[in-house]
Amino acid sequence: MDQELRELYQQVILDHNKSPRNYHEMEDRSQEAEGYNPLCGDILHVYLKVEDNIVKDVSFQGSGCAISKASASLMTSIIKGKTKEEAEIIFKDFHDLITGKLGENSDENNLGKLNVFAGVKEFPVRVKCASLAWHTMRSALNKEDKKVTTE
Amino acid sequence: MSSKEIISMISKPTLYDVEKIRSDFPILQTKVHGKPLVYLDNAATSQKPITVITKAQEYYSSMNSNIHRGVHALSQVATEAYEMARIKIKNFINSLGKNEIIFTSGTTESINLVAQTYCRANIKEGDEVIISEMEHHSNIVPWQMICDEKNAKLKIIPINDEGEIIFEEFERIITHRTKFISVVYVSNSLGTINPVKQIIKLAHQNNIPVLLDAAQAVNHIPIDVQELDCDFLAFSGHKIYGPTGIGVLYGKINLLDSMPPYQGGGDMISKVTFEKTTFNELPYKFEAGTPNIAGVIGLGEAIDYVTNIGIDNIALHEKFLLDYATEVIADIPGLKIIGTAKEKVSVLSFVLDDIHPHDIGTFLDFEGVAIRTGHHCTQPVMDRYGIPATSRASFAMYNTKDEIDILIKGLKKIIEVFG
């Protein structure tokens, strides 16, 4: 496999695509949002349970490519237990990572496992795939009453 | 042997030397990610032969001037080249006269033109417009817009699992309130060739005009508007090896005559005063403003190129490619073809297990293979099959059996990674 392609489709991403974590509808959710990528028709639902400013639980459902599914899956495991403010900071760092605005060295950021998405920056058309879940999560977090779209 | 038999023998399609054709298309020498380009996204846009590229360049380097108005030499040369292209298109689709050929920016504008002129003038509250379930968004939205404006109803002819129009349903939904029918000749996402002659026949028995969206048909099927008896026909230059930004609307002369103009401006008038404007004759009534002159001249050249090779010969080559691809792709485990109509052009849409088409598209790109992935601007078709997207390989006159083998090899590699 080509090196650039290997960077994009890292084993962790392939694994989360195959067995996404927290992939279910949440019965006792406190808030939710729907994200839509008109470019490919992908739709994603993100469910949150927020108590005392803390994301107690998070799950998702929907269809998407490996990048978007793995991104949603990893997001759910990272966000759980974080405060709203912490989630916002991670969102910003993640966005900087996939658009090439953040240093690649994982010691320099707090993204941990999310650094597997560094390869996305070489694929500008796939940035929306990686960020859809995050935009949707943020909309749910802020209880914005509108459908999120990447366009 | 009768003369008829001799003619049919002479005109019988023959397989051509594909390598010779490939040498006419400079872009086919390109490398993508270090691999030779395998261009299988022809239903999105076709590549251009050198003659088309040179012709458009020639217009800018030796003819550039505005048409129809100038008395100077350049303007006359450009006007002649522009109008010559119109005659080539008239002959190509066998319309009665060159005044039935209107230049637009593409199929989309051609359809919008009819919706905003003929239909705005003729559709009233409670009337009905019929389209099919397999339309491209460009043959859905213009009708939704005019139906919303007029409080008219948009009715849909459903398709079956193979991706064919259910004709009995069409017979059922057509009523005395149906005032217009607009259907796609060939589906861009399924490849289906629709029974348009039958559709037109039934429509005309009920005095309903029919528009054919021929964007995906002109490059695959010989078109004779008189034989089809369609009232309007729309297509784009860039799908038939011509430039982008240029398209054609054919309309029957009596209908075009009766329609109000589309856009107002220069060239579409014969006399303007502040009290009253008299509109120009056909086809200029519908060509306001300075048109895409290089595009028109380039399209004329593309029509020449296709005519020289012969659309029947192209169709024969493409059928060979489609049959081969359909056969070998079926051997890939977990692959399902979407669109299995009996009558098809060389478009192959498929889904592969639960591997998303965008991942397939990115992987194939690294093999040099360009295919289309997504909903192909036919979201209702995706909904019909309960899928978000497909991968689509579409073959043109210059594609080869070897290129299909590269596609298949690429797909097998993807299965290994995602498996």
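Chain naming here is simple, since letters A, B, ... match the order of the sequence lines and numbering starts at 1 in each. Note that the coordinates shown come from a computational prediction; the quantities given were computed from them, not determined experimentally.
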Test log, rule side chain to side chain donor-acceptor pair (under 3.5 Å), inputs His45(A) and Glu34(A): CA-CA 5 Å; His45(A) 288 265; Glu34(A) 189 182 79; 3.1 Å; yes
Interchain contact, Ile43(A) with chain B, by part (heavy-atom threshold 4.5 Å): neither
Row check, Tyr47(A) ring normal vs Arg29(A) NZ/CZ: under 6.0 Å, within 45°: no
Thr83(A) side chain to Asn53(A) side chain, donor-acceptor N/O pair below 3.5 angstrom: no
Val12(A) vs Leu74(A) side-chain heavy atoms within contact, under 4.5 Å: yes
Segment of Phe366(B) engaging chain A (4.5 angstrom heavy-atom cut-off): side chain
Top of Asp2(A), Ile67(A), Val125(A) for chain B proximity - count of heavy-atom pairs under 4.5 angstrom: Asp2(A)
Region of Thr373(B) that comes under 4.5 Å of a non-hydrogen atom in chain A: neither
